[in-house]
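Below is one structure; the comments refer to it alone.
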Amino acid sequence: MCFGVRDALRKTQQVAAAEPVTVLGQLVHNPEVSEQLQALGVREGRLEEVGQSATRQVVITAHGAADVQRKAWSEAGHAVVDTTCPLVKKAHGALGRLVEAGYFPVVVGKKNHVEVRGLTGDFPGAVVIETLADLDDLPLSGSLGVVSQTTQPLAWVERVVACIRERRPHGEVRFIDTVCQPTKDRQEALEGLCQRSEVVIVVGGHNSNNTRELVTKAASLGAIAYHVERASELEARWFDGVTDVGVTAGTSTLDETVDAVVARLRSMAAARTAAPLRAQPLLR
Ligand code: SF4
């Protein structure tokens, strides 16, 4: 679990112990974390439904929000606890500086992801590039300022920036790399893991962007990759004739979930009489 998610979780648990609290969205995209918070009485609300919270205290998630949304919740009389990851804040700052300097705002990321909606929320005209087809939405003239969602693969973001520059050989395109370091580290480590493993298990929420990016990258590197949220989802048939299994996890996955996956793999291996299966935890 990355420091941004860990800190957001700790802060929410602390405030929930003192006063009832509503998290505006999913604190992190991990069902086990959501279950833990529900057990503490933490409610879940919607960032977009300003003022529609039964609790005075509300939490902005690690994915962040637009300033305009933060302000609207405060003005509606709520105490806003902000757990936005500092690296998401850095991306907001980078985009804000580009706009102030006169650049047209461009974000490389998933259009409907909460972090991207937060990034563009203060700049309603911003263009989000999710696929290369979205390049057609860019304005035909003027300087472009580009940042990315923090959990996008850097290689993809750089490819998009190169395509933008190719289309605008005479226009200025300024790119600030806002992919976060934990995402870069995982993506890079995955390359080594795929070389050593016949099958790669990626542990994390099914709606976690960085987890899904790890699955996509493992598959693009030629590995057979499976995405599981928890140990009970592992299927013995995935490992028929397999001896080396790699394990990695998204940045919002609990340590105990990864431990449980590795333990189940080891017990599946132990149950075999031939071809022992070795589980290689990558990031521990
Ligand atoms: S994935 Fe990166 S940006 Fe997101 S919470 Fe973790 S460290 Fe922060």
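Note that the structure is a prediction, hence the values are computed from the model and not measured. Atoms within each ligand, like the ligands themselves, are counted from 1 in listed order.
Each of the following atoms of ligand 1 lies closer than 4.0 Å to a heavy atom of Cys180: 1 (S), 2 (Fe), 3 (S), 7 (S). Close approach of ligand 1 to Pro182 is summarised as follows: ligand atoms under 4.0 Å from at least one heavy atom of the residue are 7 (S).
Residue, atom and distance of the protein heavy atom nearest to atom 1 (S) of ligand 1 are Thr251 OG1, 3.3 Å. Nearest non-hydrogen protein atom to atom 3 (S) of ligand 1 is Thr150 OG1, 3.4 Å. Atom 8 (Fe) of ligand 1 has its closest protein heavy atom at Cys85 SG, 2.3 Å.
Side-chain N or O atoms of Asp137 include none that pairs as donor or acceptor with a backbone N or O of Val127 at under 3.5 Å. Put simply, the side chain of Arg186 gets close to the backbone of Ala249: a donor and an acceptor are under 3.5 Å apart.
Other residues, nucleotides and ligands place no more than 12 heavy atoms under 6.0 Å from the NZ atom of Lys71. In this structure, Glu35 places its CD atom where more than 12 heavy-atom neighbours from other residues, nucleotides or ligands lie under 6.0 Å away.
Distances from atom 6 (Fe) of ligand 1 show that Cys2 has an N/O/S atom below 2.8 Å.
Between Lys110 and Gln152, the closest side-chain pair of non-hydrogen atoms falls below 4.5 Å.
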